[in-house]
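Here is how names work: the chains are called A, B, and so on, in the same order as the sequence lines, proteins then strands, and each is numbered from 1. Predicted model, so just to flag it, every value in this text is computed and none were measured.
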2 protein chains.
Amino acid sequence: MPTPARTSLTAIVAAGRSILAQDGLDELTMQRVAEATGVRAPSLYKRVPGRAALVRLVAADAVAEVGRCLDAVATSGDPVSELRGQAEELRRFARADPHAFGLVFAPPTEGRVVDPSLLAAAAAPVVRVVAELVGPEQALNAARTVTAWASGFLRMELAGAFQLGGDVDAAFDYGISLLVDALGRHVR
Amino acid sequence: MPTPARTSLTAIVAAGRSILAQDGLDELTMQRVAEATGVRAPSLYKRVPGRAALVRLVAADAVAEVGRCLDAVATSGDPVSELRGQAEELRRFARADPHAFGLVFAPPTEGRVVDPSLLAAAAAPVVRVVAELVGPEQALNAARTVTAWASGFLRMELAGAFQLGGDVDAAFDYGISLLVDALGRHVR
DNA sequence: ACCTGAACACCGTTCAAGT
DNA sequence: ACCTGAACACCGTTCAAGT
């Protein structure tokens with residue numbers, strides 16, 4: 001006899017993101033997710049193949065959110081200030097949800113990669129803004145440079161890797177200014 | 001009655017790095033390290049407080065190696081080619097030992113940070129080369145920009161995050177060229 | 001059709017007992 | 001002093017049994 005479902009994939013992923021945000025990846029266990037969704041751990045396997053897949057779904061959810069944020073923030077019409085705004089927006093996200101940010105570019109060897117099409121969608125707003133700055137031919141290379149810098153900087157900042165003193169805010173501003181200036185000069 | 005030690009901290013860390021390199025972080029278990037060092041798992045606790053600390057020691061070992069590589073490669077006397085060489089050297093390391101590279105800037109929330117002084121030592125060769133390029137005042141900001149870009153780019157590359165097509169080697173070259181040019185122009 | 005308790009394999013960690 | 005087997009808590013996962 002059929003039984004009504006007591007949870008759903010979206011509820012599971014939402015619970016996963018909440019636990020990740022609050023207590024980190026190690027605490028993102030099947031048991032805690034089950035508890036948060038009002039079900040027992042074995043029931044989760046009706047919706048999700050296993051923990052690794054769940055972590056990947058949670059990461060994908062975070063990537064999608066980042067993409068929406070990056071898109072929403074680029075509305076001024078001026079590519080230079082839009083690109084700065086996107087960098088600052090990414091920094092805001094990283095600080096608001098550092099565990100989720102840390103999952104975005106986790107190496108595939110740990111079994112946590114995000115679906116390629118989702119990564120592409122999240123990167124699209126940056127490519128769009130950068131294209132206005134350097135033109136379509138170099139847009140991809142330029143967007144990759146900016147994205148690499150921003151994600152690397154934020155990861156280092158979150159990891160507490162800036163240990164040589166100095167003003168980290170100033171270093172962030174130095175970096176984005178250097179890139180924006182260099183890319184702006186790239187136009188012809 | 002005293003018993004001669006059957007293993008050592010250095011042997012434990014070396015075994016840990018080897019297992020990490022070959023099979024990834026999830027396989028870096030106390031049991032596998034114990035097996036590789038010819039001892040039982042509980043004995044490891046005589047040298048190491050626990051798995052989290054062992055992972056940190058392994059990460060520190062990798063960071064120290066990166067620092068030595070970055071130092072050894074900067075000998076041409078020309079800061080521009082030295083900086084390019086350091087970027088390529090970091091890429092070589094990341095490809096040779098992706099799991100170790102992935103551990104270098106792991107977020108502190110996962111409990112894996114490297115000792116600040118070790119990070120400083122590893123970064124020192126880059127700061128030295130960059131200082132020749134932009135002068136001492138902006139050396140730290142500039143080094144942070146280059147390091148953030150390089151580590152972010154390599155992490156994305158290892159994560160398979162470059163999904164929009166294009167030549168990834170060309171994107172790496174574009175990025176380091178843009179940075180070197182911009183920093184070179186920064187001199188006065 | 002979905003949910004559950006019980007069970008299994010595995011891991012980190014502790015500790016009393018051995019040498 | 002160092003090492004070990006045994007034990008404990010915990011987690012991921014499977015599955016037969018329930019509704």
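Scored by the side chain to side chain donor-acceptor pair (under 3.5 Å) test, A:R84 finds A:D173, A:S177 as partners (sequence neighbours excluded). B:F93 meets the ring pair (Phe, Tyr, Trp, His ring centres under 6.0 Å) test with no other residue; sequence neighbours excluded. Under the rule for a side chain to side chain donor-acceptor pair (under 3.5 Å), the partners of B:D115 that lie at least two apart in sequence or sit in another chain are B:S117. Applying the ring pair (Phe, Tyr, Trp, His ring centres under 6.0 Å) rule to B:F101 yields no partners; only residues at least two apart in sequence or on another chain are considered. Not counting sequence neighbours, A:R40 has no partner by the side chain to side chain donor-acceptor pair (under 3.5 Å) test. Residues meeting the side chain to side chain donor-acceptor pair (under 3.5 Å) test with B:E157, sequence neighbours left out: B:R91, B:R95. Every residue two or more places apart in sequence or in another chain that forms a side chain to side chain contact (heavy atoms under 4.5 Å, CB included) with A:T145 is listed here: A:L179, B:W149, B:Y174, B:L178.
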Side-chain polar contacts of residues 8-20 of chain B - donor-acceptor pairs under 3.5 angstrom, sequence neighbours left out - could you list them?
| unit_1 | atom_1 | unit_2 | atom_2 | d |
| --- | --- | --- | --- | --- |
| B:S8 | OG | B:T10 | OG1 | 3.2 |
| B:S8 | OG | B:A11 | N | 3.2 |
| B:R17 | NH1 | B:D61 | OD2 | 3.2 |
| B:R17 | NH1 | B:E65 | OE1 | 2.5 |
| B:R17 | NH2 | B:E65 | OE1 | 3.1 |
| B:R17 | NH2 | B:D97 | OD2 | 2.9 |

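Side-chain heavy atoms closer than 4.5 Å link hydrophobic residues (I, L, V, M, F, W, Y) into clusters, and following such links, even through other members, never connects B:L154 to B:V73.
When each of C:dT4, C:dT19, C:dC2 is scored by its nearest atom to the side-chain atoms of A:T3, the top-ranked nucleotide is C:dC2.
Only A:R6, A:T7, listed by number, bring a heavy atom of residues 6-18 of chain A to less than 4.0 angstrom from any atom of DNA chain C.
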I'd like a table of atom pairs between the protein and nucleotides 11-15 of chain D - only N or O on both sides, under 3.5 Å - with the distance next to each one.
| unit_1 | atom_1 | unit_2 | atom_2 | d |
| --- | --- | --- | --- | --- |
| D:dG12 | OP1 | A:M30 | N | 3.3 |
| D:dG12 | OP1 | A:R51 | NE | 3.3 |
| D:dG12 | OP2 | A:M30 | N | 3.0 |
| D:dT13 | OP2 | A:Y45 | OH | 2.8 |
| D:dT13 | OP2 | A:R51 | N | 2.8 |
| D:dT13 | O5' | A:Y45 | OH | 3.2 |

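Other members of the cluster containing A:L140 are A:V127, B:L164, with ILVMFWY side chains joined at under 4.5 Å, either directly or via other members.
Counting only Watson-Crick and G-U wobble pairs whose two key distances fall under 3.5 Å, DNA chain D forms stems of three or more stacked pairs at C:4-8 with D:12-16, C:12-16 with D:4-8.
With rounding to whole Å, B:R40 atom CZ is found 16 Å from C:dT19 atom P.
An OP1 or OP2 oxygen of D:dC2 is reached within less than 4.0 angstrom by no side-chain nitrogen or oxygen of B:S43.
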